[in-house]
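See structure below.
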Amino acid sequence: MPSAVRFGVNYTPSEGWFHHWLDFDLDSVRADLDSIAALGLDHIRVFPIWPYFQPNRSLIRPRAVEQLVALADAAAERGLDVNVDGLQGHLSSFDFLPAWTQTWHRRNLFTDPEVVEGQAEYLRTLAAALADRPNFIGMTVGNEVNQFSAGPHPDPDRAAPDLVDAWLERMLAACEKGAPGKLHLHAEYDAAWYQDDMPFTPAQAARRGAVTAVHSWVFNGTAQRHGRTGVATEHHAAYLIELSKAWATDPARPVWLQEVGAPAPLVPAEHAAAFTEATVTNALDCPDLWGITWWCSHDVSRDLADFPELEYGLGLLTNERRPKDSARALARTAREHTYAPEARTTALVVPDDPAGRSVCAPGGPVFEAFFRLTADGARPTTVLASRARDADHLTARGITEVVTSDQVE
């Protein structure tokens, strides 16, 4: 791993939110990118809206792809690398799915052959358009697409885990075909780690793609249960980073904290900077961390209706592109941090069976034991039950002590 961790931001345009693709204004984008670059960050994560880019299964709009490339080039001019999410997917409580997958054309996103072929061609096209750009990091298959595959989604596209795995392999192969050798990955919301009936499994999240992505949101019950400054709240991102390592076959597999933010009112605006600093500091204590990408760059305009209240104020910058205290905290950490975490020597056992993953959810025995160990200064990680006696695996990860949740008082 590099001596410095990548620091970036999920790019939410200050004008028009992600609907800006419908009225693309490169000058406005450049001004947004100037305000991001001024924070000293090194990359952005970008969200082309799938139905805007591929409104028909056989039509990937050339003009939309050109605009994405123009955005990436503008980022390069400001020293910013770019990761592109493909299948949008779900953003800020809204679903964005093309009409050719819905209502009269209702087809399963993960198993219908024509839908899968259309998705693969879309990902390949975006990747190929950016393949020769030096600042192109790679593709993320999509933003939290696992939320379409099970409850609580009101109309889920059900698929067995093996079919989901085949779909995921196909999507990653399409990204690689379009841009060989780039860093391609997929990203799920935390139900992949916590929800027993989720067909996207922890093993897929921790083994498919070049790095493991985790999305950390303390509104999942953590902040409600433990409070704004609770150990579990301030270490939640670190927990997900270390939880993901239980399923990785590579002992040194990199983990990308790809989404993390300070959601009000659980984290009030006046405390967002302190939460940001604590979260980032604790994440930097995790070995094998690839990068931290904060959610998000700019606030959602109050002119836009029907967003959950917390979404309007999540930006590091206002709609006028002014930095908040949380932006200064992130910028200071990005500028001043050193990255040399020691191995985490105590491992907490988690079950192999993905149908038992709720023990890792907020309030579950593994979750609570992890933070009791953390409060005692143990700096825990996790290990699968099947590997808990594998001396070679434990040695490769620097683990010297293995405990179960019922052994942690």
Is the shortest side-chain heavy-atom distance between [X] and [Y] below 4.5 Å?
X      : Y      : answer
Arg57  : His105 : no
Pro380 : Thr374 : yes
Val115 : Asn108 : no
Trp17  : Ser92  : yes
Phe136 : Lys182 : yes
Ser216 : His236 : yes
Val218 : Pro263 : yes
Tyr122 : Pro48  : yes

Between [X] and [Y], ring centroids under 6.0 Å:
X     : Y      : value
Phe7  : His337 : yes
His90 : Phe94  : no
Phe96 : Phe53  : no

### Query
Where do Leu130 and Val82 land on the side chain to side chain contact (heavy atoms under 4.5 Å, CB included) test, with the steps shown first?
CA-CA 10 Å; Leu130 293 163; Val82 175; 5.6 Å; no
What's the shortest heavy-atom distance between [X] and [Y], and which atoms?
X      : Y      : result
Leu172 : Gly209 : CD1-N, 3.6 Å
Ala72  : Asn135 : O-ND2, 2.9 Å
Leu240 : Val214 : O-CG1, 3.8 Å
Pro202 : Pro354 : CD-CB, 4.2 Å
Ala369 : Leu348 : CB-CD2, 4.0 Å
Ala150 : Arg158 : CA-NH1, 3.6 Å

In terms of side-chain heavy atoms, does [X] have a donor or acceptor partner in [Y] at a distance below 3.5 Å?
X      : Y      : value
Glu259 : Trp217 : yes
Thr346 : Glu401 : yes
Thr140 : Arg45  : no
Thr233 : His226 : no
Gln258 : His215 : yes

How far does [atom1] of [X] sit from [atom2] of [Y], to the nearest 0.5 angstrom?
X      : Y      : atom1 : atom2 : result
Lys324 : Thr318 : NZ    : OG1   : 7.5 Å
Phe370 : Thr382 : CZ    : OG1   : 7.5 Å
Asn10  : Asp85  : CG    : CG    : 8.0 Å
His393 : Thr249 : NE2   : OG1   : 9.5 Å
Thr212 : Trp256 : OG1   : CH2   : 12.0 Å
Thr222 : Phe367 : OG1   : CZ    : 3.5 Å

Is there a donor-acceptor pair under 3.5 Å between the side chain of [X] and the backbone N or O of [Y]?
X      : Y      : result
Ser297 : Thr12  : yes
Ser35  : Asp32  : yes
Arg133 : Val69  : no
Glu117 : Glu114 : no
Trp21  : Phe47  : yes
Asn146 : Tyr189 : yes
Asp42  : Arg6   : no
Thr125 : Glu121 : yes
His184 : Gly138 : no
Arg344 : Glu242 : no

I'd like to know if [X] pairs up with [Y] as an ion pair, taking the criterion as any Lys NZ or Arg NE/NH1/NH2 lying under 4.0 Å from an Asp or Glu carboxylate oxygen.
X      : Y      : answer
Glu15  : Arg321 : yes
Arg387 : Asp352 : no
Arg208 : Asp165 : yes
Arg332 : Asp325 : no

### Task
Take atom CG of Asp162 as the centre, draw a 6.0 Å sphere, and report whether it contains more than 12 heavy atoms from other residues, nucleotides or ligands.
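Enclosed: over 12 neighbouring heavy atoms sit under 6.0 Å from CG of Asp162.
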### Query
Near Glu270 CD, under 6.0 Å, is it more than 12 heavy atoms from other residues, nucleotides or ligands?
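Counting neighbours around CD of Glu270, more than 12 heavy atoms of other residues, nucleotides or ligands fall under 6.0 Å, so yes.
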Taking the six-membered ring for Trp, are [X] and [Y] parallel (under 30°), tilted (30 to 60°) or perpendicular (over 60°)?
X      : Y      : answer
Phe24  : His20  : tilted
Phe110 : Phe200 : perpendicular
His298 : Tyr11  : perpendicular
Tyr52  : His19  : tilted

### Query
Checking side chain to side chain contact (heavy atoms under 4.5 Å, CB included) for the pair Val366/Tyr239: CA distance, chi angles, key distance, verdict?
CA-CA 11 Å; Val366 170; Tyr239 169 64; 4.1 Å; yes
### Query
Of Ile137, Asn83, Ile36, which meets side chain to side chain contact (heavy atoms under 4.5 Å, CB included) against His43?
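It is Ile137, the one option of Ile137, Asn83, Ile36 that forms the side chain to side chain contact (heavy atoms under 4.5 Å, CB included) with His43.
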### Task
Begin from the C-alpha positions of Val9 and Leu330 and carry the test side chain to side chain contact (heavy atoms under 4.5 Å, CB included) through to its verdict.
CA-CA 10 Å; Val9 68; Leu330 184 67; 5.8 Å; no
### Task
For the pair Thr281 and Asp285, evaluate side chain to side chain contact (heavy atoms under 4.5 Å, CB included) and give the outcome as yes or no after the intermediate values.
CA-CA 7 Å; Thr281 298; Asp285 192 38; over 6 Å; no
